[in-house]
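Chain A is the first sequence line, chain B the second, and so forth, proteins listed ahead of strands; every chain is numbered from 1.
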Number of protein chains: 2
Amino acid sequence: MLKEDHLSVTQDCNDCPIRHRAVCARCETDELERLEDIKYYRRFEAGQTVIWSGDRMDFVGSVVSGIATLTQTMEDGRTQMVGLLLPSDFVGRPGRSTAAYDVVATTDVVMCCFRKAPFEDLMERTPHIAQRLLQMTLDELDAAREWMLVLGRKTAREKIASLLSIIARRDATLNMGRLDGPVTFDLPLTREAMADYLGLTLETVSRQVSALKKDGIITLEGKRHVTVPDMTLLLEEAGDDTDGGMLV
Amino acid sequence: MLKEDHLSVTQDCNDCPIRHRAVCARCETDELERLEDIKYYRRFEAGQTVIWSGDRMDFVGSVVSGIATLTQTMEDGRTQMVGLLLPSDFVGRPGRSTAAYDVVATTDVVMCCFRKAPFEDLMERTPHIAQRLLQMTLDELDAAREWMLVLGRKTAREKIASLLSIIARRDATLNMGRLDGPVTFDLPLTREAMADYLGLTLETVSRQVSALKKDGIITLEGKRHVTVPDMTLLLEEAGDDTDGGMLV
DNA sequence: TTCCGGTCTTGATCTGTATCAAAGATGATT
DNA sequence: AATCATCTTTGATACAGATCAAGACCGGAA
């Protein structure tokens, strides 16, 4: 649900009918005019690396459309995805000059960027922005910690169910969909990307997706189009508290 | 390294010779006087649960002394530690009223607390605080993501080495120790707690600690007192980039 | 000193997931 | 329509770590 004082850029941002919300609806007008100078769009193709870990990072921004991932790679090639960037997600870290992770476009991606130094100035002058960014960062921290439980303690089947639940929920949030009937969405990730997110191999992902399908927890049309007849069942498979809290 | 504008409470805070730094050195004096009204100390015994997940959380604070953990538990008892709270770490979440995790005192703990509502007011009025808190939260997010790589992709031996590296580094930071010679510290965690942090069983932790000892990567006096003759070797075992970045 | 509860180690065996291998879809390009 | 590259599924086997089980250690209490 996009809030009035949302820092994120909404999907309409590219046309910019609501560009004045791009940073913060509570900002005064003159700040927003100034914003125009430091805002610009970037387009990335599917597969393209937006930024490499260790690179100088001279912008912050948010995803307007498309999907990108945040990944960490060890020298021997083992890869762990540490974040999934969907439309409205914020990218970059105020106060740090180099990127800590690879950011890779999974699909074609449009990002709305702000030059970093002026953005940081703006943040200093307008406290709402720092406060809003703090809330967003705390949410991401919660998500990361939630994921630590998935990675550390869940079985392969539970991991898959957890990932599907999260994608279903995020998809519903973005598209104003409901979660109380059958839920349908497109998987934005290859089996390999899912594996990298879940700390599994792609073969195991494939097997467990097939198993969930066989057991009627999900239906597949093609490889990527998923229908969940009953989210409650999926959440049970994920091993989450079954009080339905996630459905609210 | 404690910074001048550190939000955290330092170890001396209990005696409060430097209590005016308790929130932010850059705050003006009158804000600090007001602070006295909303600050208090709490003492917890080893094993005591500071707060239960889901509980109403009416304070924020920071650890003055002792060690606490942030854990998540599934209905069937599987437990994952999602954070380790050492002296100077911040506890609590401005803007959210219930705790998301269990906070458990591992040793006796003293926390310096601030009543939540007034603290949030203070944050609104004094932008440095929100900004400092944002930096701290971003650091925690980095730590959580680092840990996702450990949980998702590292072997048991690498996991143990990673945990020991982190504890060694944090210990050195707090005690102004060096990391370029032999490093000695006390393990603040039982084998079971280590297992819960690493997504392993306590038996596997025990075996891998023994293996690292046999291979001369570490030495043990008793069960808990660890010496690392050469941090570089330990970092190699952890599978971290071996450019020594961590030693700086 | 002995007892005792909690912690830790070690051994034997089991199992979930990785690994290795091959073939089946799918969609783009010619 | 045929070719090709990429993604996905499925099978056979191997292995890291879990599980089950038994003691060893260690500090505190009596």
State, yes or no, whether a side-chain contact exists between B:L164 and B:I217 at a heavy-atom distance under 4.5 Å.
no

Using atom CG of A:L189 as one end and atom C1' of D:dT6 as the other, report the distance to the nearest whole Å.
16 Å

Quantified as the angle between the terminal helix axes (five pairs each), what is the overall bend of the helix from C:dT1-D:dA30 to C:dT30-D:dA1 to 10 degrees?
30°

With sequence neighbours left out, write down each residue that passes side chain to side chain donor-acceptor pair (under 3.5 Å) with A:T227, or none if nothing qualifies.
A:T184

Between A:V183 and A:M231, which heavy-atom pair has the shortest distance, and what is it?
CG2-CG, 3.6 Å

Partners passing side chain to side chain contact (heavy atoms under 4.5 Å, CB included) against B:A193 (at least two apart in sequence or in another chain):
B:M81, B:L189, B:T190

Heavy-atom pair of closest approach, residues B:A46 and B:D108
N-OD1, 2.8 Å

I'd like to check the side chain to side chain donor-acceptor pair (under 3.5 Å) partners of B:R42; sequence neighbours left out, ordered by chain and number.
none

Show each protein N/O and nucleotides 24-26 of chain C N/O combination with a separation under 3.5 Å, one pair to a line.
none

The side chain to side chain contact (heavy atoms under 4.5 Å, CB included) partner of A:V103 among A:L85, A:V109, A:T49 is A:L85

Classify the nucleic acid contact of B:R157 as base, sugar-phosphate or nothing, counting any heavy atom under 4.0 Å across all strands shown.
nothing

Taking CZ from B:R153 and C1' from C:dT19, how many angstroms apart are they, rounded to a whole number?
13 Å

Give the rounded distance in Å between these two atoms: CZ of B:R224 and C1' of C:dT9.
15 Å

Could you list all the salt bridge (Lys or Arg N to Asp or Glu O under 4.0 Å) pairs where at least one residue sits in residues 139-149 of chain B, not counting sequence neighbours?
A:R93-B:D139, A:R93-B:D142, A:R96-B:D139, A:R96-B:D142, A:E140-B:R145, A:R145-B:E140

Can you list, by residue number, the residues of residues 206-221 of chain A that have a non-hydrogen atom closer than 4.0 angstrom to DNA chain D?
A:S206, A:R207, A:S210

Give me each pair satisfying side-chain hydrogen bond (donor to acceptor under 3.5 Å, both in side chains) with a member in residues 147-158 of chain B, each pair once, sequence neighbours excluded.
A:R78-B:E158, A:D196-B:R153, B:K154-B:S162, B:K154-B:D240, B:T155-B:E158, B:R157-B:D215, B:R157-B:E237

Of residues 192-203 of chain A, the positions that come close to DNA chain D - non-hydrogen atoms, cut-off under 4.0 Å
A:L202, A:E203

Residue pairs fulfilling ring-ring contact (aromatic ring centres under 6.0 Å, His included) with at least one residue in residues 205-241 of chain A, sequence neighbours excluded
none

Are any of B:T190's side-chain N or O atoms less than 4.0 Å away from OP1 or OP2 of C:dT7?
no

Only counting residues at least two apart or in another chain, list the ones meeting side chain to side chain donor-acceptor pair (under 3.5 Å) with B:R207.
none

Between A:V209 and A:I218, which heavy-atom pair has the shortest distance, and what is it?
O-CD1, 4.0 Å

What pairs with B:T204 under side chain to side chain donor-acceptor pair (under 3.5 Å), at least two apart in sequence or on another chain?
B:T201

Nearest whole angstrom, please: distance from the P of D:dT8 to the CD1 of A:I160.
12 Å

In whole angstroms, how far is the C1' atom of D:dC25 from the CZ atom of B:R191?
12 Å

